[in-house]
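Order of listing sets the numbers, starting from 1, for every ligand and every atom in it.
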Amino acid sequence: MNTTVVTGDQVLTQLIPRITQCMEGLNFTPKLATLMVGDNPSIRSYFRSIKKVAQKYGIEVIELTWDVTDTETVQHTIEQLNSDIDIGGILIGEPLPKGIDRTALVETISPTKDVDCMHPYNLGLLMAGRPRVLPSTVGSVWEILQFIGVPLTGKRAVIIGRSLVVGKPLAMLLLQKGVDATVTVCHSKTEQLTDITREADILIVAAGKPHLIGKEHVKRGTIVIDVGINVVAGKLVGDVKFDEVCQLASYITPVPGGVGKVTTHYLMYNLVKSYEHRR
Ligand code: NAD
């Protein structure tokens, strides 16, 4: 099989100029507020990479952290950030510690500052076919599909994972009029997963299960996008057995260096675009 490995760096050659162009239209420094409740090493590491990428664009990151706190304290800060005209985006690090009410926090964020499409209003717009912002991981997968450039109309897209941050919103996007894929969403209770995935023209895996997908799940010529990020024996691995699936896929993304690489940049894209929604 003639397989093309699509790296995040390749995809970024198309996304970075668009972000830079949006930045040029702003005559001030865009600001993103990151909120971490409790101390979580994976959130810390994600926020570190966000800060690094932000710096490249000249975007300022305001880091807010709480050791132990209650929902109301964080809500109060979010309200202040909502009314601060300098702040373009608010990002809550997940998972939140037990006892913190995620719904209350997410719904306190002004939808215009919701740069990761967590708020039900923004998810609703996506569902209604009028997305204003995409969750950054979904945006990243979209950029990868655009980069590959294969028409999606009528194609069978199978998504593994039904989370609110990846699987469900991605399904809504691919179902949209104009995109027109035929979408199947699988999850941990799905029976005969292999039979379903073998029908996929596009297989997007976001299960968070290392090496879940092997060659038996994939037909020849499938586009395989691996969203999974797992740490196994100190190494980052995806949900797909890259070496064996690579022999069957027409296009495949690696982990690391695939979806994750684009996600942080897509968040910056959402941030700079968010100022447009408030003009
Ligand atoms: P989640 O745990 O919220 O959801 C996982 C989904 O996978 C669930 O819907 C579950 O039903 C399904 N699932 C689990 N095991 C399965 C199985 N054996 N068969 C079929 N379905 C199964 O996770 P999430 O937040 O959606 O993230 C998914 C993965 O994507 C994780 O590895 C996460 O680290 C990664 N992720 C990557 C990026 C990125 O930018 N690359 C961003 C967000 C999440």
Short side-chain to backbone donor-acceptor contact, [X] and [Y], under 3.5 Å:
X	Y	value
S136	L267	no
Q75	L105	no
H265	V262	no

Tell me yes or no: between the side chains of D239 and N230, is some donor less than 3.5 Å from an acceptor? yes

Going by distance alone, is a donor N or O of one side chain under 3.5 Å from an acceptor N or O of the other, for T7 and D9? no

I need the contact type for [X] against ligand 1. Using non-hydrogen atoms and a strict under-4.0 Å cut-off, is it side chain, backbone, both or neither?
X	value
L212	side chain
V166	side chain
T263	side chain

Give the single entry among G208, S188, A207, G8 that approaches atom 10 (C) of ligand 1 most closely by any heavy atom. S188

Note: heavy atom closest to atom 9 (O) of ligand 1, options E94, R162, K168, belongs to R162

How close does the nearest protein non-hydrogen atom get to [atom], and which residue and atom is it?
atom	value
atom 3 (O) of ligand 1	S163 CB, 3.4 Å
atom 6 (C) of ligand 1	G161 CA, 3.5 Å
atom 38 (C) of ligand 1	T137 CG2, 3.8 Å
atom 20 (C) of ligand 1	H187 O, 3.1 Å
atom 25 (O) of ligand 1	V165 CG2, 3.5 Å
atom 15 (N) of ligand 1	K209 CG, 3.5 Å
atom 37 (C) of ligand 1	V227 O, 3.1 Å

Taking atom CD1 of I19 and atom OH of Y269, what is their separation to the nearest 0.5 Å? 8.5 Å

Mind checking the OH-CG spacing from Y266 to L271? Nearest 0.5 Å is all I need. 13.0 Å

So is I229 polar-close to ligand 1, meaning N/O to N/O under 3.5 Å? yes

Looking at E143 and R18, is there a salt bridge between them, counting it only when a charged N and a carboxylate O are closer than 4.0 Å? yes

Should the pair K51-E63 be classified as a salt bridge under the 4.0 Å nitrogen-to-oxygen rule? yes

Give the numbers and elements of all ligand 1 atoms closer than 4.0 Å to a heavy atom of I160. 20 (C), 21 (N)

Atoms of ligand 1 less than 4.0 Å from G260 heavy atoms? 39 (C), 40 (O), 41 (N)

From the list K155, R156, K219, salt bridge (Lys or Arg N to Asp or Glu O under 4.0 Å) with E199 holds only for R156

I'd like to know whether ligand 1 has A206 as a neighbour, heavy-atom separation below 4.0 Å. yes

